[in-house]
**Student:** 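This structure is in structure tokens; I'll ask about it shortly.
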There are 2 protein chains.
Amino acid sequence: MGRVKSVKFKLNKFEYVKPFHITNSISYDTENIEVIVELDNGVVGYGEASPSFRVNGEKVQALMALEPIVNEMITGMDVREYRKIFDETDKLKAAPSIKAAVQYAVLDALSEELGIPVYQLLGGAKKELETDYTISIGTLEERVQDAREIVARGHSVIKIKVGENLEEDIEAVIAISEVSKGCKYIVDANTGYTPKQAVKFVTELYKAGVDIAVFEQPVGMFDIEGLKYVRWNSPFPVAADESARTKYDVLRLIKEEAVDYINIKLMKSGISDALAIVELVKSANLRLMIGCMAESSLGVNQSVHFALGTGAFDFYDLDSPLMLKEETFRGKYIVEGTRYKVE
Amino acid sequence: MGRVKSVKFKLNKFEYVKPFHITNSISYDTENIEVIVELDNGVVGYGEASPSFRVNGEKVQALMALEPIVNEMITGMDVREYRKIFDETDKLKAAPSIKAAVQYAVLDALSEELGIPVYQLLGGAKKELETDYTISIGTLEERVQDAREIVARGHSVIKIKVGENLEEDIEAVIAISEVSKGCKYIVDANTGYTPKQAVKFVTELYKAGVDIAVFEQPVGMFDIEGLKYVRWNSPFPVAADESARTKYDVLRLIKEEAVDYINIKLMKSGISDALAIVELVKSANLRLMIGCMAESSLGVNQSVHFALGTGAFDFYDLDSPLMLKEETFRGKYIVEGTRYKVE
């Protein structure tokens, strides 16, 4: 058995290969926090927080200052009693990405101690997944060109960012679909539309013969009634992302019958709430996808093991490490083209 | 890694120390099914099914006939991929006690293989619990005498069976409370009252100054509206037991705002649904207790590890092995008076 001896935070900066443009936001780089949990028996577990101010209200400077707080919280605790550590770190309500990284680092240490990978600790449901790849907002030509390259690299699921200009978006999705026959589309408005715009968007695409696998977060984060309006007026499944951070958010969405899909991101929920959301969504007969913020391979590793262990997801939007410049690959998974595998 | 080589069912009969009388049912003995999962590496895991015809519609003869079916389902599967085995055995809808025993035996085998107890695999939240002890339906004198003996043995939580005669029940609970000052009471009507009777029952006890910690299953199994009526008119928390078998039942109870507590029994839900119910109930800010059918120490072992691993329960109604004549204690826990402990 191993008890937590120390928790260390380390700031790592990554540049995007090319700027990442979503509704009202363009990113050129990301600052992630590597979390290193060392046990008194020498075992080390790793996690990564990829903070989001837009979604979580997190600022990296403020999160870095939590290192001594987290040490105080969990130093001396046994990783075999990980639910206690989860309960303790659940208190980090304003720092969910840190909560995720710490909780995962604990599981990673337990996994090393037991000699069993994290995805097996979580149930070992699957051994591989295919990630989608995302087309940023851009000119029609840029978007179509991106689509051609994504198809050429073998992806069969394409994520399309929309939400800044309804007419351009409709035109772009139709144009993209024409150069990517056979692909599935996750269209993500990142809160950019009004409910009526969102319904017009899906109605026009439906009329044009474009099939959308998941229509993500069409309306504002706190507009649950708007989400419900879109869901009940859309021929395509509607997902909550920004609106679904905690298990409490998700139970409310279920009660309100507001969505067909939940997009789980560990950075919003941590491991503890993500496990709860999996059970909530399955009990409600709804569907799940898993997404990411700007995690490197170290951070997406967490979502790969979570997704494969629980086996609960239809779609995997885990392309961030493919979009970042990274010197050393740090995942405990293997990348084969568009697929991530574990052994 | 170990793959399932065989699953064996073995019928074990246990007599009650004294007849167990609840609403419309008196038990003198129980026939439980021991489930033995052997892996190809020689590791063996154990579970126990304690079937209930009244709650689950299960008959032991029919369950015994499922042995080859279960072998066909899971032989060759790796216990490290236990979610796959859970998904497969979730199909045993009409045999939830067998589902529970098989799923637990798989976790038990994984636990032996990894050298980590099941309660730690599930999170290691707690190390000990206190079980309540149950007073059957009987004459006023018998009930009061039972209460004296239970208090003398050191129990601080007493479960009181009611539901056959409203006036006698009220009188009995008041009389019991007078000889067991300081104890907490779980009162269980096992579906015996109408909604109006149930409200009269709690109102009269409240007027008499008796405090009830949990009022279990006052009304019929399928009377969700009745449960809700009692909950909203009771000064004491109301629990669903017979009404809450699957995760789907529990989500409906949450949506309908019908109860304050859920009584999880592995024999109703298996491990898979019980894990989901823990997350559902915590997400809904409701409370949990854990109960049993007529499990021996082998079967209650499952609930002890589940309860301590998840750490989610306020009350433990795990007294069945204390009520059965058993030649050999088979639990992987230690009994110290009213407490069950793990190391």
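Per chain, numbering begins at 1; letters A, B, ... match sequence-line order. Note that this is a predicted model, so its numbers are computed, not measured.
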**Student:** Are there any donor-acceptor pairs closer than 3.5 angstrom between chain B and chain A, and if so, which ones?
**Tutor:**
unit_1    : atom_1 : unit_2    : atom_2 : d
Glu81(B)  : OE2    : Lys127(A) : NZ     : 3.3
Tyr82(B)  : N      : Gly123(A) : O      : 3.1
Tyr82(B)  : OH     : Leu121(A) : O      : 2.5
Tyr82(B)  : OH     : Gly123(A) : N      : 3.3
Arg83(B)  : N      : Gly123(A) : O      : 3.0
Arg83(B)  : NE     : Leu122(A) : O      : 2.9
Leu121(B) : O      : Tyr82(A)  : OH     : 2.5
Leu122(B) : O      : Arg83(A)  : NE     : 2.9
Gly123(B) : N      : Tyr82(A)  : OH     : 3.3
Gly123(B) : O      : Tyr82(A)  : N      : 3.1
Gly123(B) : O      : Arg83(A)  : N      : 3.0
Lys127(B) : NZ     : Glu81(A)  : OE2    : 3.2

**Student:** Measure Leu251(A) against the heavy atoms of chain B and call it side chain, backbone, both or neither at under 4.5 Å.
**Tutor:**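 Only the side chain of Leu251(A) comes within 4.5 Å of chain B.
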**Student:** Quick check for you: among Leu110(B), Ile277(B), Leu122(B), Ile85(B), which has the greatest number of heavy-atom pairs under 4.5 Å with chain A?
**Tutor:**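 Among Leu110(B), Ile277(B), Leu122(B), Ile85(B), the one with the most close pairs to chain A is Leu122(B).
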**Student:** What distance do Leu121(A) atom CG and Leu121(B) atom CG have between them, rounded to the nearest 0.5 Å?
**Tutor:**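 Leu121(A) CG to Leu121(B) CG: 7.5 Å, rounded to 0.5 Å.
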**Student:** Roughly how far, to the nearest 0.5 Å, is the CD1 atom of Ile116(A) from the CD1 atom of Ile116(B)?
**Tutor:**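 Between atom CD1 of Ile116(B) and atom CD1 of Ile116(A) there are 9.0 Å.
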